[in-house]
Amino acid sequence: MIPIPYGRQEITQADIDAVIDVLRSDFLTQGPAVTTFERTVTAYCGAQHAVAVNSATSALHIACLGLGLGPGDWLWTSPITFVASANCGLYCGARVDFVDIDPRTYNLSVDCLAEKLAQAEKAGKLPKVVVPVHMCGQSCDMAAIYSLSQQYGFKIIEDASHAIGGKYKGEPIGNCRYSDITIFSFHPVKIITTGEGGMALTNDSALADRMQRYRSHGITSDSRIMQPRPANEIWNYQQVHLGYNYRMTDIQAALGVSQMARLDAYVEQRHHIAERYDAELVDLPLQTPWQHPESYSSYHLYPIRLKLEKSAKSQRQVYDELRAAGILVNLHYIPVYRQPYYEMMGFRAGYCPESERYHAEEISIPMFPTLTKSDQSKIIDVLHEVLA
Ligand SMILES: *Cc1c(COP(=O)(O)O)cnc(C)c1O
């Protein structure tokens, strides 16, 4: 019995050839492939600028730094996300808070956000940055969040780690129409992969320049930014602030360019898999993922929500029985503030009730473009047996 993972990459001969070409070339890093990858993604998404980095976590960090987040500031995000969406605020010395989710989309709830902003304004604790997370690849209600940002003066970083290839109101996620920055992840379980990798997109050229410097030690060779020094001294670069080494290699970027050619096909395949799950799980005591009519999801994940009051089995039992049957289901996500590290900051169970209900009912079943018809049949059959 070969276990079926919840997500996995596809690597083709074209990907391997693209990587080998770089290995035989002059540049393994800081060469032309990174720029080519950035241009491929900006062209696809319709954004002006992109900064490729070694992970989405790094992309979130340079995004926060680029927006000037620091001590005394607040960053707000959804509890139902990977910890990186919140940790980026802590890296900058800011404080982090959470906005409960919408029970249908599992994205940050705009109603909860509006209510929390009104309270924060009175308390003088408005956030500097809000990070909406496009959960499973379905966009948040960005037009509404953008309009709140105009009213309350916060910046927006879209955590689109799940969502490259998805659309919102008919336009590609990543065009930053309703945000300052959008970030993507290229981890192997995500939609396309570079092994490890991430990218930050923006339409603001000054912000893109800052993020580029944060990617590479705070160093620049741009004479407009460098300080004047005596002409007889050689200053081919200067470090003008503190930065990091978050660079993506050309090896990774070449893999990314090659994968981008199959992005639309991958997302279509994910939709076919979702349609079959939708149809064949309809009689079971579970909620399949609801889709907003303005959204075209990239379907990174297919989360089912167990209707525990209609089932004899607990979430734990269903999870264990599926795994015992070789179906390596997962759980996305534990509310971030329930993590021991966040509880040390004072967060307690009960803080975001909708997120906690979701956490107690969710299971992510396998979803990836190379999932075979027979493996999907097996998953559907086992779910019927387990939940019978
Ligand atoms: C995967 C993920 C990240 C982190 O991505 P890395 O590329 O592994 O750093 C951040 N946010 C969300 C929502 C993710 O799913």
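As the structure lists them, so they are numbered: ligands from 1, and atoms in each ligand from 1. Position 1 is the first residue of the sequence, and the numbers go up from there.
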Compute the ring centroids of Y168 and H134, then answer whether they are less than 6.0 Å apart. no
Ring centroid separation for F154 and Y152, is it under 6.0 angstrom? no
If we only consider heavy atoms of F184, is any one of them less than 4.0 Å away from an atom in ligand 1? no
Could you tell me whether ligand 1 has any atom less than 4.0 Å away from a heavy atom of G197? yes
Can you confirm, on distance only, whether ligand 1 has an N/O atom lying under 3.5 Å from any N/O atom belonging to H187? no
Which residue and atom name correspond to the protein heavy atom nearest atom 3 (C) of ligand 1, and how close is it? S161 OG, 3.5 Å
Determine, using heavy atoms of S85 and all atoms of ligand 1, whether some pair is separated by less than 4.0 Å. yes
Tell me the nearest of V83, N54, T57 to atom 9 (O) of ligand 1, using heavy-atom distances. T57
Q238 side-chain N/O to G218 backbone N/O, donor-acceptor pair under 3.5 Å: no
Ring centres of Y6 and H332 under 6.0 Å apart? yes
Region of A56 that comes within reach of ligand 1 [heavy atoms, distance under 4.0 Å]: both
Main-chain N/O of C45 paired to N175 side chain as donor or acceptor, under 3.5 Å: no
Given T77, T81, T194, which has its nearest heavy atom closest to atom 13 (C) of ligand 1? T81
Check residues 113-126 and write down every donor-acceptor pair under 3.5 Å in which the side-chain atom is one partner and the other belongs to a residue at least two apart or another chain.
unit_1, atom_1, unit_2, atom_2, d
K116, NZ, D97, OD2, 2.9
K116, NZ, Y351, OH, 3.2

Is it the side chain (CB and beyond), the backbone, both or neither of V189 that lies under 4.0 Å from ligand 1, heavy atoms counted? neither
Anything under 30° is parallel, anything over 60° is perpendicular, the rest tilted; go ahead and classify H162 against H300. tilted
Considering distance alone, does some N or O of K190 sit under 3.5 Å from an N or O of ligand 1? yes
Quick one: which of H332, H162, M199 has a heavy atom closest to atom 15 (O) of ligand 1? H162
Parallel, tilted or perpendicular: which fits the ring planes of Y214 and H241, with parallel below 30° and perpendicular above 60°? tilted
Among the heavy atoms of M135, does any lie under 4.0 Å from an atom of ligand 1? no
